[in-house]
Structures are given as C-alpha cells and as structure tokens.
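A quick write-up on the structure given underneath.
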Amino acid sequence: MKNILSNFVKEHRVFMAPMTGLTDYPFRKTLSSFTSIPSYSEMVASREIIYSNDKVKKKLYRNNNSSFFIIQILGNEPYLMSEAAKYCEQLGADIIDINMGCPSKKVTGKLSGSALMRNLNEANDIIKSVVNSVKLPVTLKMRLGWDENNLNAPEISKAAEENGVKLITIHGRTRCQFYKDYANWKEVRKVKNNVLLPIIVNGDIYDNNSARRALEESSADGVMIGRAAIGRPWILQKILSNINNSIVYRKVSTLDKYNFISQHYEEILSHYGFELGVRVARKHLIKYFQYQKELPTKLVNLTIRSESPKFVKNSLKSMYLN
Ligand SMILES: Cc1cc2nc3c(=O)[nH]c(=O)nc-3n(C[C@H](O)[C@H](O)[C@H](O)COP(=O)(O)O)c2cc1C
C-alpha cells in the first residue's frame, strides 16, 4: 500500500523543526505567509491537551495559511496519548507527530520524550494506540538512541513502521549528547536502510552545503532545520531551492526581511497580547538582529529593550527600509 506521506516529503523536502517557545502560532503563521515549508507545532503534553486550558489551546490554533497542520504530542501513557491525538484530529490537525526525542530531564524524568527510546514495549504501545485512535497519518521524531551504546533508532523505526507510522524524523544525536558534539548523519542511514518509510534527517543543518551533505550521508528523503532558521527563516526556502537544483530562486531582499519580521512582530502581539507579546517578541528580535551585523548597535539595543510596539515598528522601518 502506498504511504500517503511519501509524496508529501518528496514535494516539500525541507521542514521547519518543532521548537518549544519558538515555533508557536505567530511564527508558523508568518512562515506560511511567505513559503510553503511545513512546520510543526511546539510539543504539547497529552495530559495538557486533554485538560486543555486557554494557554494550551493557543498552542493548538490552526493556521489557515498553511496546507498542513502538524501537531506534536508528548507523553508516556498510551490512553492519554490516544485521547490527545483524537482531540487534535477534531481541531483539524493533518498529521500527529509523536515526540520521542526530547532530552530534557524534566521530560525524560516522566519517562516521556527520548526516555521512550529506552523502553521499546512502552514506545510500541503508545504508537499503536495513537495510530489506532485517529484516521490521520502518525509520524515520529526521535534521536539515534539513548546513548552511544544504545543506538536503537533502526530497531524502533522498524517496529514503528510495522505499527503504522508513516514518516520518521531522526535528530542525529543520542539523548545523552543533548546538543553536544555534531549530529551524525551517517548513523541516520542505518534507519533509512532498515525501513521503507520516508526519513527526514535533522541536526546541525544550517546552509546549502550542510543540507546536501546531510542528505548524501544519511540518504534521507528530506531535511529538518531548527536553530539555524530562528532569526533567518528565509534560509529554509533558499536550501529548498538549492537541493532541488531550482534555477528560479529569488535572493531574499532587505524588504523581504522587513516584511517577515514586521508581520511576525504583529502576529506575536495579537496572539499573546501586549504584555506577554513584548517579551516573546524580544527573543525573536534578538535572533533577527544577530544576523544583521550592519544594523546600528545603539538602535538595535533600544529596540530589543523597548516596551513600546510603536517604537519597535518605527525602528524596524528605519533599520530595514532606509
Ligand atoms: C529551544 C528548542 C526547543 C525545542 N523544542 C522541541 C520540541 O518541542 N519538539 C521536538 O521534537 N524537538 C524540539 N527541539 C529539537 C529540534 O526540533 C531539533 O531536533 C534540534 O534543535 C536539532 O536540530 P537543529 O540542529 O537544526 O536545531 C527543540 C530544540 C531547541 C533548541
């Protein structure tokens, strides 16, 4: 039977990674106004989804600009995970992604995220119950294994495929590496060789060369990019054009950057309200400015610290449009 996500991966090839606190609704909405790169929601705990409060509901807003709404769920109890998946299906999700890669102690301490890679029975039970509870395709994001002595991603992937998962993303590090060392894309090839599913390679991809090397070394079908796209999301489209050998790539202009940043800023304020919005926007502004070394330092610092949206908007205009 044809895997319904094979074409999806072939068509898109570049994916924006889920990133808690960063790839929220305002970011995803802005991104989808400018490109068709699919992005994932931040991870949302299954328990939170079921006992959903307003804060959680905001994480699950469907962005109507985007043709794909991918919600990533996190948890360690099959029943709660399946109920959460059903809830997401009702909200209009197109894909449910299971988080089996989060290395944080807070998450693994509750035996969720990458801790599931140490417990195959539990991982399989969760996968089965999520797959069986929804009509949507279910995908998985994980690491190479718990540590270098337990590189069991190929084995877990095989079982996941047999249990109905349609796509797997592998971050080429172990849980115990957290973000240390370099992602090992060659190790991802062992997963690719063990399954027929489309595989997305992730970790340390930040430009055309690294994307090409990651694809070559892993033989994966697509790349997922996280940290490198925060502050310069336009690299996603650039990398896509490059790996597709497309000749139609239009270089991103300062006006394009201004349009992206100012829309993102507006979306943040309207989603979170003024008080929280100003704080959320700050971390993105810092990243945007970090890649624009030519901007005047004094104005950059004032803009980052500013509590006044009017001042920020005027500064953006003066920095990018003058
Ligand atoms: C701040 C931050 C938040 C993240 N949140 C999530 C998350 O919610 N779900 C997830 O699967 N991975 C999460 N990740 C991991 C990324 O999706 C990605 O796997 C990792 O950053 C490696 O890719 P990169 O080198 O392109 O950043 C997060 C990473 C960072 C740095």
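Side-chain contact check for Asn242 and Arg212: at least one donor-acceptor pair (N or O, by modelled atom type) lies under 3.5 Å. A side-chain donor from one of Tyr288 and His264 sits under 3.5 Å from a side-chain acceptor of the other. Side-chain N/O atoms of Ser33 and Asn65 include a donor and acceptor closer than 3.5 Å. Side-chain atoms of Asp97 and Thr139 form a donor-acceptor pair, as typed in the model, at a separation below 3.5 Å.
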Audit row: Phe260, Leu31, side-chain contact (heavy atoms from CB on, under 4.5 Å) steps and yes/no: CA-CA 8 Å; Phe260 193 104; Leu31 185 68; 4.2 Å; yes
Test log, rule salt bridge (Lys or Arg N to Asp or Glu O under 4.0 Å), inputs Arg47 and Glu77: CA-CA 9 Å; Arg47 197 175 282 277; Glu77 292 171 50; 2.8 Å; yes
Trace of the side-chain contact (heavy atoms from CB on, under 4.5 Å) decision for Ile230 with Met16: CA-CA 10 Å; Ile230 300 298; Met16 179 67 215; 4.0 Å; yes
Criterion salt bridge (Lys or Arg N to Asp or Glu O under 4.0 Å) on Arg213 and Asp207, from CA distance to verdict: CA-CA 10 Å; Arg213 273 196 297 120; Asp207 63 4; over 6 Å; no
Verdict with supporting geometry, Leu144 and Ile170, side-chain contact (heavy atoms from CB on, under 4.5 Å): CA-CA 7 Å; Leu144 295 173; Ile170 309 279; 3.8 Å; yes
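In this structure, CG on Leu151 lies 8.0 Å from CG on Asn149, to the nearest 0.5 angstrom. With values rounded to the nearest 0.5 angstrom, Ile98 atom CD1 is found 13.0 Å from Ile71 atom CD1. Here the straight-line distance linking atom CG of Leu276 with atom NE2 of His271 works out to 9.0 Å at 0.5 Å rounding. A distance of 11.0 Å separates CZ in Arg227 from CD1 in Ile205, rounded to the nearest 0.5 Å. In this structure, OH in Tyr87 is found 15.5 Å from OG in Ser82, a value given to the nearest 0.5 Å. Note that the CD atom of Glu11 and the CG atom of Leu240 stand 11.0 Å from one another [nearest 0.5 Å].
Looking only at distances, a side-chain donor or acceptor of Glu161 sits under 3.5 Å from a matching main-chain atom of Leu197. Side chain of Asn76 to backbone of Lys110: a donor-acceptor contact under 3.5 angstrom is found. Side-chain N or O atoms of Arg175 include none that pairs as donor or acceptor with a backbone N or O of Arg143 at under 3.5 Å. Side chain of Asn184 to main chain of Gly172: no donor-acceptor pair is present (N/O by atom type, distance under 3.5 Å, no hydrogens or angles). Side-chain atoms of Trp146 never come within 3.5 Å of backbone atoms of Asn152 as a donor-acceptor pair (strictly under, hydrogens ignored). One N or O on the side chain of Thr30 and one on the backbone of Pro26 form a donor-acceptor pair closer than 3.5 Å. In this structure, the side chain of Gln177 engages the main chain of Thr174 through a donor-acceptor pair within 3.5 Å. In terms of modelled atom types and a separation under 3.5 Å, the side chain of Asn194 and the main chain of Pro154 share a donor-acceptor contact. Judged by distance alone, with hydrogens and angles left aside, the side-chain atoms of Ser41 form a donor-acceptor pair with the main-chain N or O of Gln72 at under 3.5 Å. When atom types are taken as modelled, the side chain of Ser32 and the backbone of Lys29 share a donor-acceptor pair closer than 3.5 angstrom.
Counting Ile, Leu, Val, Met, Phe, Trp and Tyr side chains that sit under 4.5 Å apart, directly or through other members, Leu74 shares a hydrophobic cluster with Met43, Val107.
Shortest non-hydrogen contact noted between His284 and Gly21 is NE2-O, 4.4 Å. Residues Ile199 and Ala220 come closest through the heavy atom pair O-CB, 3.3 Å. When all heavy atoms of Ile70 and Pro38 are compared, the pair lying nearest together is CD1-CB, 4.4 Å. Here the closest heavy-atom approach between residue Arg13 and residue Lys10 is recorded as CG-O, 3.3 Å. Nearest approach of Ala85 to Val130, heavy atoms of both residues: CB-CG1, 3.9 Å. Nearest approach of Ala211 to Val223, heavy atoms of both residues: O-CG1, 4.0 Å.
Between Val252 and Gln237 the shortest side-chain heavy-atom distance does not fall below 4.5 Å. Tyr179 places a side-chain heavy atom less than 4.5 Å from the side chain of His171. Two residues are said to be in side-chain contact when any heavy atoms from C-beta on lie closer than 4.5 Å; Lys287 and Leu22 fail this criterion. The closest side-chain heavy-atom distance from Asn63 to Phe69 is not below 4.5 Å. Contact annotation: the side chain of Pro198 approaches that of Asn3 to within less than 4.5 Å [non-hydrogen atoms, C-beta and beyond]. Looking at Ile95 and Phe68, their side chains come closer than 4.5 Å, going by heavy atoms from C-beta outward.
Taking hydrophobic clusters as Ile, Leu, Val, Met, Phe, Trp and Tyr residues chained together by side-chain heavy-atom distances below 4.5 Å, Tyr291 does not share a cluster with Val300. Hydrophobic cluster membership is shared by Ile73 and Ile127, with clusters built from Ile, Leu, Val, Met, Phe, Trp and Tyr side chains linked at under 4.5 angstrom.
A search for side-chain hydrogen bond (donor to acceptor under 3.5 Å, both in side chains) contacts involving Ser253 returns Asp256, not counting sequence neighbours. Tyr320 is linked by a ring pair (Phe, Tyr, Trp, His ring centres under 6.0 Å) to nothing, counting only residues two or more places apart in sequence or in another chain.
Ion pair Arg173/Glu187 not flagged as a salt bridge, since none of the NZ, NE, NH1 or NH2 atoms sits closer than 4.0 Å to an Asp/Glu carboxylate oxygen. Glu83 and Lys86 are joined by a salt bridge, as a carboxylate oxygen and a charged side-chain nitrogen come within less than 4.0 angstrom of each other.
For the pairing with Ile200, the side-chain contact (heavy atoms from CB on, under 4.5 Å) check across Ile168, Leu167, Asp221 returns one residue only, Leu167.
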